[in-house]
Amino acid sequence: MEEKEEVIKVEDLTKDYGNGHGIFDITFSVKKHETFGFVGTNGSGKTTTIRHIMGFIKAQKGNVQVLGMDAWKDSCEIKKYVSYIPGEIAFPDLYTGTAFLKAQAELLKLKDWTYANTLIERLQLDPSANLKRMSKGMKQKTAIVAALMADKDILIMDEPTTGLDPLMRETFLELVKEEKQKGKTILMSSQMFDELEATCDRVALIFDGRIIDIADINALKNSHVKAYKVEFKNKEDYQNFKRTKYKIIRDQEKYFQVTVQIEDKDINKLFKSLTKYDVKFIAEVKFNLEKHFKDVLAKKGGENV
Amino acid sequence: MFSGALFKQSMKANWVKWTCVTVATCAMLAIVIIVLGSLAINDIRDSLKSVFQDAEMQSVVQENAIDGYTLSDQTLEFENTIQTNQYLTQDMADVINSVFWANAVSGYDTAIDELEADGTLATEEEKEAVRAELTPSLAETFGGFLPMLGMEMSDDQLLSFADCFLRAYDADGRQVNDPSDENFVDGIKRIFESTYLNFLYDTAYQTEYDAIYQEEMAKEDAIESEVIEIAEASALVQAQGARDIAEKSIETYKNPEITLPEDLSILANEIINDYLYDQVYTESVNGGMSDTDARTTATAVKVMSNTAISTYEFYLNEEDLPLEEGQTQEEYAKEQATRSITDQIPEDVASALEELGNMDIYGLIIGSIFYQIAGLLLPMVYVIMVANGLLAGQVDSGSMAYVLSTPIKRRTVTVTQMAYLMISLFCMFALVTVTSVISIWIVGGDAFAINFAEILLLNLGAFLTMFAFSGFCFMCSALFNRTKHSLSIGGGISIFMLVCTILGLFGSSVVPAAMRIDAMNVFNYVSIITLFDTVSILNGGIDFLWKFAILAGIGIITFIIGVFRFDKKDLPL
């Protein structure tokens, strides 16, 4: 893989709020045209990291750069290239969604409404509704339009899918993919593994203010190592199989089941071996990000113990 | 440094509040001024004031009556003496001449004859010089003679009397110097009458002049030449009055139609009553009063005078009076006779009532109550809410993120929001000012108790006060990320100060002493509203100017702190 320009660069970022709250030694970078995801539980530090990138918070330690500029000092300059969807949706004290979008366009010095109108149509948003009476989903859609309409190079989104119904979520994820294809650099956080898996190139897992792991989705998806679940009809076969050299990552004795991890090139060997046993069924265990991170966390937990 | 889009957004977000507060404040002010201007709220105050004025006038009338009565009585006694004295008869002419008269007049005759030897008449200055030379020895002569007529005088009075005598003698034509003339003694009596009148005139003039001079010079901004003018005018009136009364007394004494009573003071009483009646009647008619009204007024004064004199007489003849030390019976009697209503109520109550009468009720209601309290309340609520909403509220809710995710510096945000707060406040008070000027114009313009210049200064002061509060609230809004902190500190302290001003009102000098609790004044020291010195503005002082400067300073400094602090802090957006 060729080395691309690092659009967002975070090094050793630390903000200690005391009592173990805060973020510690966060280091990662988002390359140009890359979609980068943040996943983590509530209060793990996703939003705090994003606020540093947006220049709302000053770093205690470490260094945050966007397009080579300091996120705190050159915050204003950076905003020319950054669109932002905040995690907490609260609008200024204006009457309707249209008024808000207009005010926002004025702040952005945006004259062309074509893209905004396209977005409004795609998201099936009625911007003439009263801002105060909007449902959570409506508000979220309004916020998405407000951020995307400026069509800037970098998109930073803090849990952008909260409140959206499943259909809308799909539409939104499609939008993100389109933005990505347009060549945008995207940083988004979420609690949902699947949506990050669907959109991101890389995903960082944040836990208790630290980055535990950064997973390369493409690498995981195209991994040569796969897992298969096999159930045997009788105990004897089950026990005999276990004596072979295959790497067993899960073992369920009650059902005479084993999950075998195996490289693609050895698959024929496995099938041959299995012909000797009375197999009830065999299934590939699908890769997923959630599983990956669970494994990572479990491993880490094991290390700690 | 300034964002038009953000300014517009702030306007859209707050125009309803602005309109409500402005309309309500303007309406309140207009109602206050128009009600005060048309309902003649000063009626009670005026009647209270007139009670005190009437009482004072009554005292003056009574005092004059008693003084006139004393004067008239003395004159009657004097006239009675010279008319009935055993020595002043034609039979005694030679004796009088040899004992006293020749001494008294021959020196003067010689001196004047010498002056006029060249055929020209002696001037008044020359005569005065001659009199000045002769009076000391003549005074000595009178000192031996007057007691024989029953008159006791001090040395100063004798000098004055001698001078008056020579003037009277001169005015009479210096004819009375032949004891063999059958009119010699009548001439002497005539000259003594004139002397007495001159003497009364001089004495009254000097006494009044000295009293007025001292009284006027004691005032702070006294100019001597003006004081002398005032004293001379007053002394002239007093002296003429005294001579009028004395002449009238002598005339009455000599009137053959009047039977002289045994007690001449009864006659003196009548003379004074009639004299005051005539004077008041003439003055009233000249002043444009109808004949009937003038009679009524004059009669009232006559009755007042009669009562005062009777009371005076009563106390003069009473024994065992509770005299204070150094007080003569005459003084006590006069004091009792001239007591007015206000003297009869306790002194502190009287002074409280008098202060109430002199209270500036317009200044209190418009200056202290409206501009310092009621008129500030709604703008203060506006400032507290809006200042919070411009920064802290948006940071707390998170909506500031939309503004700050656009290429706008934080400094631009704060300066724009500050500008909005200041300009909206300025416009608010501009409208309040227009309202106040129009209202005052409706109720009578500069004739109203508060004139245009004063109302403009009151509005400026109210604006500067709110400017200081808006700076403070803005600073709190910039310092805190939470609405609850910004509101409780910024709003809390602002409201606290307003409440302190309300409590402090009961201890401030604008409230009459009867209602004032001085200890409450401490509240004024904790409120910056006190720096809005309405009393100084309405009394035409200049103290309010430096206080205005402090208010403006508070506003500017707090705004600056807010702007700089907001640049540097972490925002939870």
Side-chain angles (χ1 to χ4, degrees), chain A residues 15 17 22 47-48 50-60 72-96 99-110 131-132 139 142-143 145-150 152 154-158, chain B residues 1-18 382 385-417 420-421 424 477-478 481-483 564-573:
Chain A
K15 185 87 178 182
Y17 289 123
T47 301
T48 306
I50 288 176
R51 283 174 181 166
H52 277 95
I53 297 168
M54 289 300 292
F56 296 149
I57 303 183
K58 194 176 182 184
Q60 271 171 359
W72 173 257
K73 284 188 201 138
D74 302 317
S75 157
C76 178
E77 184 65 21
I78 289 170
K79 304 292 166 50
K80 289 182 182 162
Y81 310 98
V82 174
S83 289
Y84 176 53
I85 300 179
E88 227 170 289
I89 302 298
F91 296 119
D93 200 355
L94 293 169
Y95 198 64
T96 62
F100 166 64
L101 290 175
K102 271 191 184 152
Q104 202 61 17
E106 269 180 66
L107 287 171
L108 291 162
K109 299 192 171 64
L110 186 75
L131 272 179
K132 295 266 147 70
K139 283 183 181 170
T142 311
V145 174
L148 293 183
M149 67 180 180
K152 294 182 196 170
I154 303 170
L155 202 49
I156 296 178
M157 305 183 283
D158 195 359
Chain B
M1 284 297 258
F2 181 82
S3 159
L6 183 59
F7 190 86
K8 218 164 106 188
Q9 191 172 319
S10 296
M11 253 167 65
K12 277 186 190 163
N14 296 308
W15 72 271
V16 176
K17 289 177 210 145
W18 185 88
Y382 171 80
M385 289 197 313
V386 171
N388 173 66
L390 289 174
L391 295 175
Q394 297 189 28
V395 171
D396 194 8
S397 76
S399 66
M400 181 66 84
Y402 292 99
V403 176
L404 286 178
S405 63
T406 62
I408 284 182
K409 284 202 178 90
R410 288 193 192 182
R411 177 72 57 86
T412 309
V413 172
T414 43
V415 169
T416 305
Q417 304 291 49
Y420 169 75
L421 188 56
S424 67
S477 184
N481 286 337
R482 294 302 191 84
T483 291
F564 279 94
R565 178 63 198 140
F566 195 76
D567 273 355
K568 303 215 166 72
K569 68 170 189 173
D570 287 351
L571 296 172
L573 299 173

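Throughout, a chain's letter reflects where its sequence line sits, starting with A, and its residues are numbered from 1.
Crowding of K12(B) atom NZ: a count of heavy atoms from other residues, nucleotides or ligands under 6.0 Å exceeding 12. Taking a 6.0 Å sphere around NZ of K569(B), one finds it holds more than 12 heavy atoms contributed by other residues, nucleotides or ligands. Counting heavy atoms of neighbouring residues, nucleotides and ligands inside a 6.0 Å radius, atom CZ of F564(B) does not exceed 12 of them.
Neither the backbone nor the side chain of K109(A) comes within contact range of chain B; no heavy atom of the residue lies under 4.5 Å from a heavy atom of that chain. Proximity to chain A (any heavy atom under 4.5 Å) is restricted, for S3(B), to the side chain, taken from C-beta onward. Interface residue K568(B): only backbone heavy atoms are found under 4.5 Å from chain A. Contacts between Q394(B) and chain A at a heavy-atom distance below 4.5 Å are absent for every atom of the residue. For Y95(A), no part sits under 4.5 Å from any heavy atom of chain B, backbone or side chain. Within the 4.5 angstrom heavy-atom criterion, only side-chain atoms of L94(A), from C-beta onward, approach chain B.
Using a 4.5 Å cut-off on side-chain heavy atoms (C-beta onward), I89(A) and S399(B) make no contact. Under the 4.5 Å side-chain criterion, counting only non-hydrogen atoms from C-beta, I408(B) is not in contact with K79(A).
The most heavy-atom pairs under 4.5 Å with chain B, out of K102(A), H52(A), R51(A), come from R51(A). By number of non-hydrogen pairs under 4.5 angstrom with chain B, the leading residue of K58(A), Q104(A), K152(A), E88(A) is Q104(A).
The minimum heavy-atom distance between R410(B) and G55(A), with the atom names listed, is NH2-O, 3.1 Å. Smallest separation of non-hydrogen atoms from A143(A) and Y402(B): CB-OH, 3.2 Å. Closest of all the heavy-atom pairs between A5(B) and E106(A) is CB-CB, 3.7 Å. Across all their heavy atoms, A90(A) and S397(B) have their closest contact at CB-O, 2.9 Å.
Rounded to the nearest 0.5 angstrom, D93(A) CG and Q9(B) CD are separated by 9.5 Å. The distance from the CG atom of L571(B) to the CE atom of M54(A) is 11.5 Å, given to the nearest 0.5 Å. To the nearest 0.5 angstrom, S405(B) atom OG is 8.5 Å from L107(A) atom CG. The distance from atom OG1 of T48(A) to atom CG of D570(B), rounded to the nearest 0.5 Å, is 10.0 Å.
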